[in-house]
There are 2 protein chains.
Amino acid sequence: MKMRPFKVSDPKPQVEPALDQGQIVQAALGLLDEVGFDSLTMRSLAKKLDIQAASLYWHVRGKQHLLSLMAEEICAPMGEPDRTLPWRNQLEVLANEYRRVLLAHRDAARVLARSGAPSGPNRLRLTEIVLRTLLDAGFGHKDAAYAGFLLNDYVTTFVLEETQDANAEAESAADSGVQNWVKALPPNDYPSIVALADYLMELDVDERFQFGIEILRNGLETHLARRKA
Amino acid sequence: MKMRPFKVSDPKPQVEPALDQGQIVQAALGLLDEVGFDSLTMRSLAKKLDIQAASLYWHVRGKQHLLSLMAEEICAPMGEPDRTLPWRNQLEVLANEYRRVLLAHRDAARVLARSGAPSGPNRLRLTEIVLRTLLDAGFGHKDAAYAGFLLNDYVTTFVLEETQDANAEAESAADSGVQNWVKALPPNDYPSIVALADYLMELDVDERFQFGIEILRNGLETHLARRKA
DNA sequence: ACCTGAACACCGTTCAAGT
DNA sequence: ACCTGAACACCGTTCAAGT
């Protein structure tokens with residue numbers, strides 16, 4: 001609870017502002033980790049800062065704007081892959097790094113999903129790297145753009161789903177989750193679902209993530225090969 | 001839409017209920033198309049039905065439940081692909097059909113995204129068909145399950161993004177959308193983004209959808225070929 | 001059995017007013 | 001320039017009470 005520093009010798013003895021935008025965003029990320037996306041409200045954030053909710057609107061245009069600032073901060077720790085690696089490996093590293101970054105804060109994927117198109121430097125740098133990697137690999141402009149969407153959407157959706165499942169499991173007391181429920185389906189109507197029940201709830205999320213990456217990587221590879229031929 | 005049958009000779013001639021669950025869901029879908037997801041509230045739905053908001057809770061457990069009923073109804077028109085087709089084509093038909101169904105109602109993808117795991121017959125049948133197609137194609141149980149997730153997530157995310165972009169464009173007066181803004185970025189920092197600006201806003205959504213499908217199809221194909229070998 | 005009135009506990013946002 | 005008080009226009013949900 002920061003006291004506002006009062007300098008006696010200050011020539012312009014103004015009180016310096018209690019909070020700036022950066023502090024608000026930091027507090028919002030802290031609150032996000034504590035209470036989750038649904039409980040992150042302007043009012044709860046204000047309370048955490050010992051301030052009135054209306055005061056936030058001096059520093060931030062609105063909740064939408066706050067979310068996009070949070071998205072920027074979330075993406076700050078993104079590291080770049082080694083450019084000397086083959087492009088397939090660069091994409092793999094990139095995807096895993098992005099997922100790691102999204103898992104670093106609770107519900108971060110939901111923040112990203114509602115924060116609009118990237119406009120800040122961190123998120124722009126992230127998309128720049130993806131697109132550059134694809135261009136370097138030899139994709140044409142259109143294909144590189146489309147593939148960029150594809151990769152970005154894959155990771156964000158995956159983490160979104162992965163964390164929402166975790167939330168759902170946490171609130172429903174059922175330990176084994178979907179499994180028993182799926183297995184109770186009429187096997188005559190849904191033979192494939194019942195047969196695959198073991199793999200339809202998330203046993204090994206990491207494995208499933210790598211599977212998707214591999215499919216995308218393979219698909220892009222053959223697409224590239226055909227274009228070049 | 002089960003009407004409760006009214007027999008004239010009924011010994012207990014009670015007034016029949018003003019609404020049942022089916023009517024509520026139909027009204028909700030109608031309202032969704034009129035006002036969009038954000039304006040679809042329990043209260044606005046009640047007003048449309050000339051009823052108190054509290055009355056809805058007699059027929060429906062809550063908004064969450066209503067959304068899952070809506071999701072079921074949205075997926076009702078899903079058609080099955082011809083099983084004699086090669087599996088790659090079946091998947092292609094399936095993906096396009098699913099997208100068509102999601103585009104048939106305003107913000108349908110958002111409804112699906114917030115309606116929880118499929119539990120009703122329509123959505124279960126949809127996933128059953130996808131999984132069956134993959135199993136028939138020769139994928140193992142685990143791979144089929146993972147590929148099912150991948151395909152489902154691809155379509156829903158694509159339509160979600162596609163419709164949200166359309167919403168954003170509609171409310172901001174900027175006609176050309178992202179383009180001019182992207183092109184104003186410092187080219188030294190983001191050379192690839194600037195170079196690909198033309199393809200980064202949605203010119204031809206259909207084309208981009210087909211691109212993603214092709215990548216996934218190719219990727220699955222080589223994955224299958226390697227497993228078999 | 002089905003529906004209403006009225007409330008509870010919240011939201012995001014605005015804006016005149018204070019300092 | 002920065003922050004507060006108080007309000008506006010909403011939410012989803014509950015529940016005693018009516019018919």
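Chain letters run A, B, ... following the sequence lines, proteins first and then strands; every chain starts at 1. The figures here come from the full heavy-atom set of this structure, side chains too, leaving out hydrogens, waters and symmetry mates.
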Participant: Look at A/Ser55 and D/dC2 and indicate whether a side-chain polar atom (N or O) is within less than 4.0 Å of OP1 or OP2.
Facilitator: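 No, A/Ser55 has no side-chain N/O under 4.0 Å of OP1/OP2 on D/dC2.
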Participant: Quickly work out the B/Arg43 CZ to D/dG12 C1' distance and round it to whole Å.
Facilitator: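 From B/Arg43 CZ to D/dG12 C1': 7 Å.
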Participant: Distance from B/Leu31 atom CG to B/Arg106 atom CZ, nearest 0.5 Å?
Facilitator: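 Separation between the atoms: 9.5 Å.
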Participant: Hey, are B/Arg99 and B/Asp206 close enough for a salt bridge, meaning a charged N less than 4.0 Å from a carboxylate O?
Facilitator: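 A salt bridge is present here (some side-chain N lies under 4.0 Å from a carboxylate O).
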Participant: Less than 4.0 Å between a side-chain N and a carboxylate O, is that true for A/Glu72 and A/Arg123?
Facilitator: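 No.
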Participant: For B/Lys142, is there an ion pair with A/Asp198 - N to carboxylate O distance below 4.0 angstrom?
Facilitator: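 Salt bridge: no.
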Participant: Just name whichever nucleotide pairs with C/dT4, Watson-Crick or G-U, keeping both distances under 3.5 Å, else none.
Facilitator: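 With both distances under 3.5 Å, C/dT4 matches D/dA16.
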Participant: Could you measure between the two P atoms, the one in C/dA9 and the one in D/dA9, and give it in whole Å?
Facilitator: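 Taking atom P in both C/dA9 and D/dA9, they lie 23 Å apart.
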Participant: Take A/Ser39 and A/Ala54, find for each the nucleotide of DNA chain C with the closest heavy atom, and name the residue whose nucleotide sits nearer the 5' end.
Facilitator: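 Final value for this comparison: A/Ser39.
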Participant: Rounded off to whole Å, could you give me the CG-to-P distance for the A/Asp38 and D/dC11 pair?
Facilitator: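 It is 18 Å, rounded to the nearest whole Å.
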Participant: If you measure from CG on B/Leu69 to CG on B/Leu29, what distance do you get to the nearest 0.5 Å?
Facilitator: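 B/Leu69 atom CG to B/Leu29 atom CG measures 10.0 Å (nearest 0.5 Å).
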Participant: Nearest-Å distance, CG (A/Leu19) to P (D/dA1)?
Facilitator: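 Value for this atom pair: 17 Å.
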Participant: Kindly say if B/Trp58 contacts the phosphate of C/dC3, meaning a side-chain N or O under 4.0 Å from OP1 or OP2.
Facilitator: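 False: B/Trp58 side-chain N/O out of range (4.0 Å or more) of C/dC3 OP1/OP2.
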Participant: Tell me the interatomic distance from B/Leu56, atom CG, to D/dC11, atom C1', rounded to whole angstroms.
Facilitator: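 So the two atoms are 14 Å apart, to the nearest Å.
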Participant: Tell me the partner of C/dC11, counting only Watson-Crick (N1-N3 plus N6-O4 or O6-N4) or G-U wobble (N1-O2 and O6-N3) with both under 3.5 Å; none if nothing fits.
Facilitator: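 When the pairing criteria are applied, nothing turns out to pair with C/dC11, so the answer is none.
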Participant: What is the separation between atom NZ on B/Lys47 and atom P on D/dG12, rounded to the nearest whole Å?
Facilitator: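 Between P of D/dG12 and NZ of B/Lys47: 13 Å.
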Participant: Does C/dC3 have its OP1 or OP2 closer than 4.0 Å to a side-chain nitrogen or oxygen of B/His59?
Facilitator: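 For C/dC3, OP1 or OP2 has a side-chain N or O of B/His59 closer than 4.0 Å.
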Participant: In whole Å, I'd like the distance from the CD1 atom of A/Ile24 to the P atom of D/dC3.
Facilitator: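 These atoms are roughly 8 Å apart.
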Participant: Taking only side-chain nitrogens and oxygens of A/Gln52, does any of them come within less than 4.0 Å of OP1 or OP2 of D/dG5?
Facilitator: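 For D/dG5, OP1/OP2 do have a side-chain N/O of A/Gln52 under 4.0 Å.
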Participant: Report the distance from atom CG of B/Leu40 to atom P of D/dC11, rounded to the nearest whole Å.
Facilitator: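 It works out to 10 Å between those atoms.
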